[in-house]
Amino acid sequence: MSWLTDTLTSTLGRKVIMSLTGLFLILFLVVHLAGNLQLITDPTGEAFNVYAHTMANNPLIQVVSIGNFFFILLHIITSIMLTMKNKKARGVNYSVGGKSSTWASRNMGALGTVILIFLVVHLKGFWFKSKSGQLEMIEYGGVEYGDLYGVVNAAYSNIWYTLFYVVCMGLMAFHLSHGFQSAFQTLGLNHKKYTPIIKGVGKVFSIVIPIAFAIIPIWMFAQNA
Amino acid sequence: MNLKLKIWRQENANSKGGFEEFQMKDVSVDSSFLEMLDQLNYQLEEEGKDPIHFDHDCREGICGMCSLYINGEPHGPTQTTTCQLHMRSFKDGDTIVIEPWRATAFPVVKDLVVDRTSFDNIIQAGGYISVNTGGTTSDANEILIPKEVANEAMDAATCIGCGACVAACKNASAMLFVSAKVSHLGLLPQGKVEAKKRAENMVAQMDAEGFGACTNTGACSAQCPKEISLTNIARLNREYLSAKFTSDNN
Amino acid sequence: MKLDAKIPEGPIAEKWTKHKFDVKLVNPANKRKYDIIVVGTGLAGASAAASLAELGYNVKAFCFQDSPRRAHSIAAQGGINAAKNYQNDGDSVFRLFYDTVKGGDYRSREGNVYRLAEVSVNIIDQCVAQGVPFAREYGGKLDNRSFGGAQVSRTFYAKGQTGQQLLLGAYSALSRQVANGKVKLYPRTEMLDVVMHEGQARGIVTRNLITGEIESHAGHAVLLCTGGYGNVFYLSTNAMGSNVTAAWRAHKKGALMANPCYTQIHPTCIPVSGDHQSKLTLMSESLRNDGRVWVPKTKEMAEKVQKGEVKAADIPEEERDYYLERRYPSFGNLVPRDVASRNAKYVCDEGRGVGPTGLAVYLDFADAIKRDGESTIEAKYGNLFDIYAKITGENPYKVPMKIYPAVHYTMGGLWVDYNLSTNIPGLYALGEANFSDHGANRLGASALMQGLADGYFVIPYTIGDFLAKQPYDHFNEDHESFKKTEEEVKGRIEKLLSIKGSKPVDYFHKKLGKVMWDYCGMSRDAEGLKKAKGMVQEIKEEFWKDVKVIGSNEELNMTLEKAGRVADFIELGELMIDDALNRNESCGGHFREEYQTEEGEAKRDDENFSYVAAWEYQGEGKDEVLHKEDLKFENVKLTQRSYK
């Protein structure tokens, strides 16, 4: 297996790990958003609670969610290793900084760290609560469901929490704006005809998805205000 | 024009180094950046002081010997080599900060001179086509090469190995340099034969030299005096991955 | 001393083939027992080092740059000639041979030149196999262009960076041999002397430019591939580091210096803009294919232009003098380099030059742009126009370029025989460092050809003949001859450092350059040369009394490096003057005012000067002794060059 470990621990191999896990997480964002939109479409919270329940009890989803956590972790660990190598490769810093690249591309690590903090808060507030049985129960058609909607609704009536969420989505937009097209470049998927399309899609994606995510707390906050 | 220069001075590889300030008077706007430094050195020598050491040779923008990180940009504010940078790119009264290339794989030798042997080491790891000099090599026109392919190979081959890509990259990555060579040779039919081994070995050597990883910021290409394109990096990624997963090399 | 060029007998087309058969071979298993030292890693050095290592010899390669890839061959723009006749326009080995001998104004050896033309075809094959990305036609075949006044299209090119691509090819071959362990590289190392014992070259003494360490390297043979000495003029198109030191040290150890006065002045360079200038930039000669050279017809108009009162575009057609087209109707703007350069000098001497200094002529693309459109011109010359705009701050698409001749190449160099061996056994000279192939004037796109021919295809054969006769053991670095030479080198460095005078090295270099340019440049006369000789001697005296070299030996010290090189340039300058004074004729790059036709063209004296002037060093302050190698022309008829 030496060739495989060689490959995966080379700078290029590590970048491929970043790219593939990143692309997976991009896909996850889409699925997650689709679910979350039910917070708006059904203000009673029933649709969302049923959806959350189904997700929590489907074995396939369980496996995928473990994978998801694993990929997040791998994305983080790999990025830390790369950042350490990169810092060491520079050695001494310049006294005048360079500006010949986008701000987002130069600050992926910082952006990622903020997103990580967001994740911790986010998981602690919603995911951990539902997993540790702290949810109040609610009944739809004779079946009992955890009232995750209630928790979310309560959270988004808090202006600070809502603001935090919205700001983090803004930063995620920057992370995605570089990450999306960068993932393709790392995999070598670069072509005169298709790269402009990938870049275009990446731009749209990195704006639309975070906005869609951010609309939810704003909308819910407005409902509660 | 009059200028204030802040220049990195360092006696040798092991000493600490720091900035020293100089006032320059009556610099011609027509002189090149290096000629401005010549003028400073002439003054320093007249005063019996150690002149500033910097690398330079052809002064036509092709040998790749000159370096200098000027006001936050390798080779200064125009996309060219330092020797082709002219003082008309600056304004009277400007302060100019001059630093050496900064990378662990490019240790400072003295003042603004750095050691770029790591680039030679990478080329030695596979930046060639394994043919001996042959009196009876097949005729040059025996293998046809589409003009577009030859041009693309030429665009990659135009790299002068100056190291501006490494200097510009926040990770001190050498990917643009390595990818330019891998692309140049890999695009040509003559170089395809050992393309896989080449990509694998050159990347391994690049890592061993202590260059950083590419994070696709694009600063390298934006600062490259020869405008080497980022598509070369994508090609290297592709070649490397396909080599690693399909070649027989263990 | 009798000079034997060792040209093989027989018909010219068979000499090389016959010679390759006649030379002794070294058994493949024995090749690893021989050590070869190669100084310089340009086209000649890198190709020789790589090829010899491929054969199995152990090679040590030295260069003063930080990487072998940076040697000044890299700056050649235009292209490389080869008698492939791909264009079916009547080219042949014989025609390339003929053109080169004629272009050299009949001052080169037929045998050498024919061989050069013969192996030119192999060079292209070799380079393509190595991955040199030459320009191609749409059908996938190699493209050619006509270059430097040649009547056929035989020049292969890679954009305007042919030298770079060829050098990177040779450098990659060299790198491969480094990886194979057959070549050991010594970058940032300068050769400071040849080690001699019993009349044979045994190795070299070098200085590590980072640490200042003086080291010896022994070998069975030493190859000097150290380029030309154009920097004797201070301002030239050479790289800042290009120098004569290796060749000059060899000369002082007994190697003959041949035809040192043959200097090529390139007609299309960017004019000097001021005192600050450190080097001149060449614009490829290919520009003359479409650009028209002119100056104002009258001195009065020219003065207005110089003061900036009148712009080029405002000068009406009838006030312009397209002097090359006028004087040479059949070749027009494409006359050879020496003719174009001299005519530029004449019109400027008449006071009709343009630009603030009056030392420039126009190279105008207005007609070409009108005829072919700006995009066509951009496709052909875009990168050259960009270089010009960057350096001058003027847009050549809108205003005519200004050009002036500059020193570009030196045809003279160490005397070598057919085997590229100097008169010292074991010491070889390749590429621009030798004198052999270009006579008194080099044709465009021939320097790259010669460098690679010498390295790839000549030396690998001819050196075997010498090595086969050598014992396997060579002197090692502990031998007294090495110790003695090391001491000499150290003594010289100490002397330079101990003078502690008042003037920086560049002061002397500039002063020397001006004398050489004024009196031993584009045109020379006996009176001026005699005066110049005295001036150079004064510079030498002043240098050794008053030069100021800062710092110590034990560090990276570029002032010290420069001081050693300038000291050698000063001595070479004097010999160039002697040689120019001796040659009472005009030929190629050597134009003596006293010897010209009524039309003002170079007038050769074949009866008295059809020889190679090879100079032998006699010791400090003594005049050198001239040895003559007579040139025999059996295949080319000597004619007066005419480009009318």
Side-chain angles (χ1 to χ4, degrees), chain A residues 1-20 78-79 81-109 112 178-192 194-195 198, chain B residues 6 8 17 19 69-74 97 99-100 102-108 166-175 199-200 203-204 206-207 209-223 230-245 247 249-250:
Chain A
M1 284 301 277
S2 77
W3 69 270
L4 190 59
T5 47
D6 276 1
T7 307
L8 295 179
T9 54
S10 70
T11 48
L12 261 67
R14 292 217 163 105
K15 282 300 297 173
V16 169
I17 293 173
M18 290 303 287
S19 158
L20 292 175
T78 311
S79 74
M81 292 170 92
L82 280 170
T83 306
M84 274 161 51
K85 177 163 173 81
N86 292 344
K87 281 256 177 299
K88 211 173 129 204
R90 166 62 73 232
V92 181
N93 278 323
Y94 292 112
S95 75
V96 185
K99 292 197 174 53
S100 45
S101 51
T102 60
W103 178 83
S105 73
R106 287 198 305 275
N107 293 286
M108 288 298 276
H178 177 69
F180 191 96
Q181 51 105 0
S182 177
F184 288 89
Q185 169 83 358
T186 298
L187 293 177
L189 301 174
N190 185 307
H191 192 278
K192 272 191 198 118
Y194 307 117
T195 298
I198 291 173
Chain B
K6 258 183 84 181
W8 183 263
F19 284 98
Y69 193 82
I70 303 162
N71 284 347
E73 291 181 277
V97 184
E99 300 173 72
R102 292 289 188 197
T104 309
F106 289 167
V108 172
V166 175
C169 176
K170 76 179 187 65
N171 311 321
S173 168
M175 281 291 278
E200 291 183 62
V203 168
M206 172 183 86
D207 285 357
E209 296 292 341
F211 290 104
C214 173
T215 54
N216 303 324
T217 68
C220 51
S221 181
Q223 292 289 358
L230 290 176
T231 53
N232 292 306
I233 294 187
R235 187 179 293 110
L236 171 59
N237 290 333
R238 202 158 63 225
E239 296 238 335
Y240 178 77
L241 286 177
S242 93
K244 275 295 179 192
F245 286 95
S247 78
N249 312 320
N250 226 333

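Each chain gets a letter, A, B and so on, in the order the sequences are listed, and its residues count up from 1.
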- Task: Would you indicate whether the side-chain heavy atoms of Phe211(B) and Thr11(A) approach each other to under 4.5 Å?
- Result: no
- Message: So for Leu241(B), is it side chain, backbone, both, or neither that comes closer than 4.5 Å to the heavy atoms of chain A?
- Response: side chain
- Take Asn216(B) and His178(A) through the test side-chain contact (heavy atoms from CB on, under 4.5 Å) and record every step on the way to the result. CA-CA 8 Å; Asn216(B) 303 324; His178(A) 177 69; 3.9 Å; yes
- Task: Select one option (side chain, backbone, both, neither) describing which atoms of Ala234(B) are under 4.5 Å from chain A's heavy atoms.
- Result: both
- Message: For Gln185(A), is there any backbone N or O sitting under 3.5 Å from a side-chain donor or acceptor partner on Asn237(B)?
- Response: yes
- Query: Any idea which of Gly97(A), Gly188(A), Gly13(A), Gly98(A) has the most non-hydrogen atom pairs under 4.5 angstrom with chain B?
  - Reply: Gly188(A)
- Can Met108(A) and Thr215(B) be said to form a side-chain contact (heavy atoms from CB on, under 4.5 Å), step by step? CA-CA 9 Å; Met108(A) 288 298 276; Thr215(B) 54; over 6 Å; no
- Message: Between Pro107(B) and chain A, with a heavy-atom cut-off of 4.5 Å, which part of the residue counts as in contact: side chain, backbone, both or neither?
- Response: neither
- Query: Which region of Ala167(B), side chain (C-beta onward) or backbone (N, CA, C, O), has a non-hydrogen atom less than 4.5 Å from a non-hydrogen atom of chain A, or is it both or neither?
  - Reply: both
- chain A: which of Gly218(B), Ser173(B), Ala222(B), Gly210(B) shares the most heavy-atom pairs with it under 4.5 Å? Gly210(B)
- Relative to each other, are the rings of Tyr69(B) and Tyr94(A) parallel, tilted or perpendicular (30° and 60° limits)? parallel
- Task: Using side-chain hydrogen bond (donor to acceptor under 3.5 Å, both in side chains) as the criterion, list what pairs up with Ser95(A), not counting sequence neighbours.
- Result: Glu99(B)
- Query: Considering all heavy atoms of both residues, which atom of Ala172(B) and which atom of Arg90(A) are nearest to each other, and what is their separation?
  - Reply: CB-NH1, 3.5 Å
- Give the minimum heavy-atom separation between Phe245(B) and Leu4(A), together with the two atoms involved. CE2-CD1, 3.8 Å
- If you look at every heavy atom in Ala89(A) and Gly212(B), which pair is closest and at what distance? CB-N, 3.3 Å
- Taking all atoms of both residues into account, what is the closest heavy-atom pair of Lys244(B) and Thr7(A), and its distance? CD-OG1, 3.0 Å
- Donor-acceptor pair between Ser10(A) and Asp207(B) side chains, under 3.5 angstrom: no
- Gap separating the OG1 atom of Thr83(A) from the CG atom of Asn171(B), nearest 0.5 angstrom: 8.0 Å
- Query: Which bit of Gln223(B) comes within less than 4.5 Å of chain A, counting heavy atoms only: side chain, backbone, both or neither?
  - Reply: side chain
- Item | Heavy-atom contact with chain B under 4.5 Å, split by part of Lys88(A) | backbone
- Interchain contact, Phe106(B) with chain A, by part (heavy-atom threshold 4.5 Å): neither
- Query: In terms of heavy-atom proximity below 4.5 Å to chain A, should Cys214(B) be classed as side chain, backbone, both, or neither?
  - Reply: backbone
- Item | Exam field: side chain Asn86(A) to backbone Ala213(B), donor-acceptor pair closer than 3.5 Å | yes
- Note on the structure: Checked Thr104(B), Ile233(B), Asn71(B) vs chain A; the most non-hydrogen pairs under 4.5 Å come from Thr104(B)
- Message: Going by the rule side-chain contact (heavy atoms from CB on, under 4.5 Å), which residues pair with Arg235(B) if we only count those two or more places apart in sequence or in a different chain?
- Response: Glu152(B), Ser183(B), Leu187(B), Asn232(B), Arg238(B), Glu239(B)
- Message: Taking CZ in Phe19(B) as the centre, count heavy atoms belonging to other residues, nucleotides or ligands within less than 6.0 Å. Is the count above 12?
- Response: yes
- Item | Proximal component of Val108(B), with respect to chain A [non-hydrogen, under 4.5 Å] | neither
- Query: Given Met175(B) and Leu12(A), is the side-chain contact (heavy atoms from CB on, under 4.5 Å) satisfied, shown in steps?
  - Reply: CA-CA 10 Å; Met175(B) 281 291 278; Leu12(A) 261 67; 3.5 Å; yes
- Item | Over all atoms of both residues, closest heavy-atom pair of Lys170(B) and Arg106(A) | CE-O, 3.3 Å
